[in-house]
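Residue numbers count from 1 along this sequence.
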Amino acid sequence: MNNRPPRKDDGVRINHDIKADEVRLVDEDGEMQGVMSVAKAVALAEEAGLDLVEVSPNASPPVCKILDYGKYKYEQQKKAAEARKKQKTVDVKEVKIRPGIEEHDYQVKMRNARKFLSNGDKVKVTMRFRGREMAHQDIGMDLLKRMIEELDDVGKVDLAPKMEGRQIIMVLSADSQK
């Protein structure tokens, strides 16, 4: 078990790969054994048929534990996978509208935006202008301001409405205080 070559892939030093002169040793039962030389700690680990693993390399002296390295590495992978599973990824959902949108269509878009925000996602609102609508950008801005006011209870403005070519873009995100 302890004749393994030193592992470099995960950054954990084991057995004779430990660089410090002295280490603070914790045995296989979790009992503190005190500060001793690396050679003596490795000998104790070999007696137990286990590995000496550096669990806290930044401490002074480094903390090493006598344990099964394969089992330790497996548990570390399980912890990392569990942490990744609990992370919430924030998606950016898009709602496209036009300046001459009818009231019912507007309400449908608002309902979708509200649902996206309450799920914790960001909402990108894109208002596209075609033809003569470019002369009435104020109508589009008023519509976006109305949207901001109505979604104020579930979201906040991340990117204020701004004109980019023939469209106005605005980004809302879920408000964590509400």
Side-chain angles (χ1 to χ4, degrees), residues 1-96 110-126 147-162 164 169-178:
M1 211 185 272
N2 30 15
N3 293 337
R4 285 189 202 109
R7 306 277 170 103
K8 297 289 185 194
D9 56 352
D10 58 1
V12 176
R13 291 189 275 244
I14 60 170
N15 298 330
H16 297 287
D17 198 30
I18 298 170
K19 303 244 187 293
D21 298 328
E22 290 187 323
V23 295
R24 186 174 306 276
L25 182 68
V26 178
D27 68 9
E28 62 270 21
D29 301 321
E31 300 287 322
M32 183 65 71
Q33 296 298 317
V35 178
M36 60 181 70
S37 70
V38 174
K40 186 175 178 187
V42 169
L44 287 172
E46 286 174 352
E47 275 179 35
L50 299 170
D51 299 303
L52 182 68
V53 179
E54 191 176 43
V55 290
S56 181
N58 298 331
S60 179
V63 178
C64 293
K65 200 169 187 179
I66 296 175
L67 46 81
D68 181 357
Y69 179 71
K71 188 175 178 182
Y72 172 75
K73 191 171 176 187
Y74 173 74
E75 287 170 1
Q76 295 299 97
Q77 286 174 338
K78 292 270 285 188
K79 282 182 192 172
E82 190 66 31
R84 278 194 304 274
K85 194 189 305 182
K86 289 182 181 172
Q87 281 182 341
K88 168 74 172 116
T89 56
V90 177
D91 295 329
V92 178
K93 305 285 189 172
E94 188 170 18
V95 174
K96 292 186 177 186
M110 285 297 291
R111 195 167 46 244
N112 287 338
R114 185 174 295 280
K115 182 177 70 177
F116 296 149
L117 289 170
S118 56
N119 287 342
D121 296 322
K122 289 188 175 198
V123 176
K124 178 181 177 184
V125 181
T126 307
M147 238 179 154
I148 292 170
E149 288 171 13
E150 290 182 23
L151 293 172
D152 187 43
D153 59 330
V154 289
K156 65 182 186 322
V157 178
D158 264 9
L159 178 69
K162 69 175 187 182
E164 288 185 4
I169 294 174
M170 161 176 85
V171 178
L172 303 169
S173 65
D175 199 353
S176 56
Q177 284 84 24
K178 296 177 181 179

Step by step, work out the side-chain contact (heavy atoms from CB on, under 4.5 Å) result for Lys93 and Asn119.
CA-CA 11 Å; Lys93 305 285 189 172; Asn119 287 342; over 6 Å; no
Candidate pair Asp27 and Leu44, rule side-chain contact (heavy atoms from CB on, under 4.5 Å), full reasoning:
CA-CA 9 Å; Asp27 68 9; Leu44 287 172; over 6 Å; no
Which is it for Val123 and Arg114 under the side-chain contact (heavy atoms from CB on, under 4.5 Å) test, yes or no, and what are the steps along the way?
CA-CA 9 Å; Val123 176; Arg114 185 174 295 280; over 6 Å; no
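Between Val55 and Tyr72 the shortest side-chain heavy-atom distance falls below 4.5 Å. For the pair Leu172/Val154, no side-chain contact is recorded, criterion being any heavy-atom separation below 4.5 Å from C-beta on. Under the 4.5 Å side-chain criterion, counting only non-hydrogen atoms from C-beta, Lys115 is not in contact with Asp121.
Lys78 is linked by a salt bridge (Lys or Arg N to Asp or Glu O under 4.0 Å) to nothing, counting only residues two or more places apart in sequence or in another chain. Applying the salt bridge (Lys or Arg N to Asp or Glu O under 4.0 Å) test to Lys85 and every residue at least two apart in sequence or in another chain returns Glu82. Val38 is linked by a side chain to side chain contact (heavy atoms under 4.5 Å, CB included) to Ile18, Val23, Val42, counting only residues two or more places apart in sequence or in another chain. Every side chain to side chain contact (heavy atoms under 4.5 Å, CB included) that Asp158 has, sequence neighbours left out, goes to Lys122, Lys156, Val171, Ser173. Here Glu150 pairs with Arg146 under the salt bridge (Lys or Arg N to Asp or Glu O under 4.0 Å) rule; sequence neighbours left out. Judged as a side chain to side chain contact (heavy atoms under 4.5 Å, CB included), and not counting sequence neighbours, the contacts of Glu22 are Val35.
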